[in-house]
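Contents: one structure, followed by commentary.
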Amino acid sequence: MNKHKVLVAGASGYLGRYATKEFAERGYAVRALVRTPEKLSTPGPNLEPAIAALVENVVRGDAADRASLKDACRDVDIVFSCMGLTKPQDNVTSEQVDHLGNRALLEDALSHGVKKFIYISVFNAEKMMNVDVVKAHELFVNDLRSSGISYAVIRPTGFFSDMGMFLSSARSGHMFMLGDGDNRVNPIHGADLAKVCVDAVENSEKEICLGGPDTYTFNETMNMAFEAVGKSPWITHIPMWVGDAALFVTGIFNRSLAGVLAFAVSVSGLDNVAPATGSHHLKDFYRDLAAKEEKNG
Ligand SMILES: NC(=O)c1ccc[n+]([C@@H]2O[C@H](COP(=O)([O-])OP(=O)(O)OC[C@H]3O[C@@H](n4cnc5c(N)ncnc54)[C@H](OP(=O)(O)O)[C@@H]3O)[C@@H](O)[C@H]2O)c1
């Protein structure tokens with residue numbers, strides 16, 4: 001029997017690598033859409049796996065260059081996209097990548113008769129529509145809903161990879177935290193999220209909200225990071241208005257950086273607790289990441 005073919009857009013990222021692994025292990029033939037194929041041969045910075053050996057083929061494409069995405073979906077049954085702007089890129093906006101890049105991919109999928117399009121947006125999007133990256137995600141979700149293709153939109157809380165950055169601050173001995181840190185989150189590991197993404201191929205659910213198995217306050221996630229590196233917690237809380245003001249000033253000099261920071265500032269002011277799933281715990285992730293970083297010096 002022929003294997004089902006899936007295009008994973010954003011395969012070089014944190015979730016993309018776990019999704020590729022999960023699809024491959026469940027018998028799909030994976031085509032990876034990436035900007036830099038060489039990245040697939042080495043593990044990612046947050047313990048996510050190397051996946052070069054798991055993909056059947058690789059196509060090079062850039063979301064900001066529509067022409068480069070043409071025919072990425074040829075002979076593909078399913079498109080899974082977690083292609084998104086999560087770090088500042090020179091002269092590139094969330095609108096170009098998250099909205100228009102994914103829209104170009106959707107148009108290519110429609111032209112090649114793809115059966116289902118699975119897209120990663122954000123949990124609590126409706127509360128953060130003033131944030132460029134969230135708005136860009138949701139503009140694409142609207143395109144997807146009205147396209148006529150069968151689809152699923154997955155809305156996760158924060159990924160373990162995002163919590164990973166607390167570890168380097170903890171290692172320095174001191175962290176800044178926007179707000180009082182009492183808001184709650186149930187972050188999710190890429191492998192747990194990837195399972196739900198692949199299940200979505202067969203499910204009929206169109207919108208899936210999810211987070212990891214454990215809920216913590218932001219203060220607790222930071223304390224765990226200090227514990228993992230063997231340091232006493234030292235956290236300075238900064239009022240939310242300072243974050244907003246810093247964002248305003250950053251926006252004058254660097255729109256791209258401000259766009260990415262705006263998401264972090266918004267999340268710092270919200271409870272982000274979604275229906276729980278998965279079996280991976282943040283404490284173990286911090287322990288393993290701290291051990292890797294120590295080994296690598
Ligand atoms: N991280 C979170 O906590 C979180 C929470 C909820 C939702 N999400 C959403 O989930 C998605 C995946 O997040 P992630 O944490 O896995 O992100 P990530 O590790 O930064 O991966 C993003 C992927 O998109 C690719 N990409 C970025 N700009 C591109 C461009 N111009 N053209 C083609 N590919 C491009 C990246 O390629 P390169 O490797 O070449 O950069 C990478 O493969 C994003 O849309 C994000 O907004 C994330």
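Counting from 1, the numbers follow the sequence of the chain as shown. What you see below is based on every heavy atom in this structure, not just the backbone, and it leaves out hydrogens, waters and symmetry mates.
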Within this structure, what is the [atom1]-[atom2] distance for the pair [X] and [Y], rounded to the nearest 0.5 Å?
X	Y	atom1	atom2	result
K70	D65	NZ	CG	13.0 Å
K135	D98	NZ	CG	13.0 Å
E207	S121	CD	OG	8.5 Å
K5	D77	NZ	CG	7.5 Å
N183	N219	CG	CG	8.5 Å

### Query
Does anything in residues 188-216 pair up under ring-ring contact (aromatic ring centres under 6.0 Å, His included), and if so which pairs, sequence neighbours excluded?
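The answer is Y18-H189, F160-H189, H189-H280.
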
#### Entry: Listed once per pair and sorted, the ring-ring contact (aromatic ring centres under 6.0 Å, His included) pairs that draw on residues 48-79, sequence neighbours left out
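ring-ring contact (aromatic ring centres under 6.0 Å, His included) check on residues 48-79 returns no pairs.
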
### Query
Does the pair T93 and D132 meet the rule for a side chain to side chain contact (heavy atoms under 4.5 Å, CB included), with working shown?
CA-CA 9 Å; T93 62; D132 285 354; over 6 Å; no

Shared hydrophobic cluster, [X] / [Y] (ILVMFWY, side-chain heavy atoms < 4.5 Å):
X	Y	answer
L210	V134	yes
F159	L270	yes
V97	V34	no
I235	V267	yes

Compare all side-chain heavy atoms of [X] with those of [Y] and state whether any distance is below 4.5 angstrom.
X	Y	answer
D162	P187	no
V198	Y28	yes
H281	M224	no
H137	M128	no
Q96	L85	no
L105	L7	yes
H112	D75	no
L178	F218	no

Provide the closest heavy-atom pair for [X] versus [Y] in the form atom of the first, atom of the second, distance.
X	Y	value
G10	C82	O-SG, 3.7 Å
P45	E48	CD-OE2, 3.3 Å
T157	A274	CG2-CB, 3.6 Å
S41	A50	O-CB, 3.6 Å
K292	G44	NZ-O, 4.0 Å
L144	Y151	CG-CB, 3.7 Å

### Task
Describe, in one word, how the ring planes of Y119 and F117 are oriented to each other, choosing from parallel (under 30°), tilted (30 to 60°) and perpendicular (over 60°).
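Ring orientation of Y119 relative to F117: tilted.
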
### Task
Determine the interplanar angle of the H174 and W234 rings, folded into 0 to 90°, and report it as parallel if under 30°, tilted if 30 to 60°, perpendicular if over 60°.
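H174 vs W234 ring planes: tilted.
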
### Task
Sort out for me which residue in V185, I188, L289 forms a side-chain contact (heavy atoms from CB on, under 4.5 Å) with M163.
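The passing option is V185.
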
Salt-bridge present ([X], [Y]; N to O < 4.0 Å):
X	Y	answer
R60	E38	yes
R287	D284	yes
R155	E126	no
E227	K283	yes

Just distance, no hydrogens or angles: give the donor-acceptor pairs under 3.5 Å from side chains in residues 51-59, sequence neighbours left out.
{"from": "E56", "atom 1": "OE2", "to": "K3", "atom 2": "NZ", "distance (Å)": "3.2"}

Might you confirm whether atom [atom1] of [X] has over 12 heavy atoms from other residues, nucleotides or ligands at distances under 6.0 Å?
X	atom1	result
N130	CG	yes
D90	CG	no
K116	NZ	yes

Checking [X] side chain against [Y] main chain: does a donor-acceptor pair fall under 3.5 Å?
X	Y	result
D180	D182	yes
R66	R103	no
K206	V153	no
D62	A64	yes
N124	N272	no

#### Entry: Trace of the side chain to side chain contact (heavy atoms under 4.5 Å, CB included) decision for L69 with E107
CA-CA 10 Å; L69 303 178; E107 285 165 4; over 6 Å; no

### Message
Between H99 and D143, does the side chain to side chain contact (heavy atoms under 4.5 Å, CB included) criterion hold? Intermediate values first, please.
### Response
CA-CA 9 Å; H99 181 204; D143 293 339; 2.9 Å; yes

#### Entry: side chain to side chain contact (heavy atoms under 4.5 Å, CB included) assessment of R17 paired with K39
CA-CA 10 Å; R17 288 165 182 266; K39 276 190 177 181; 4.2 Å; yes

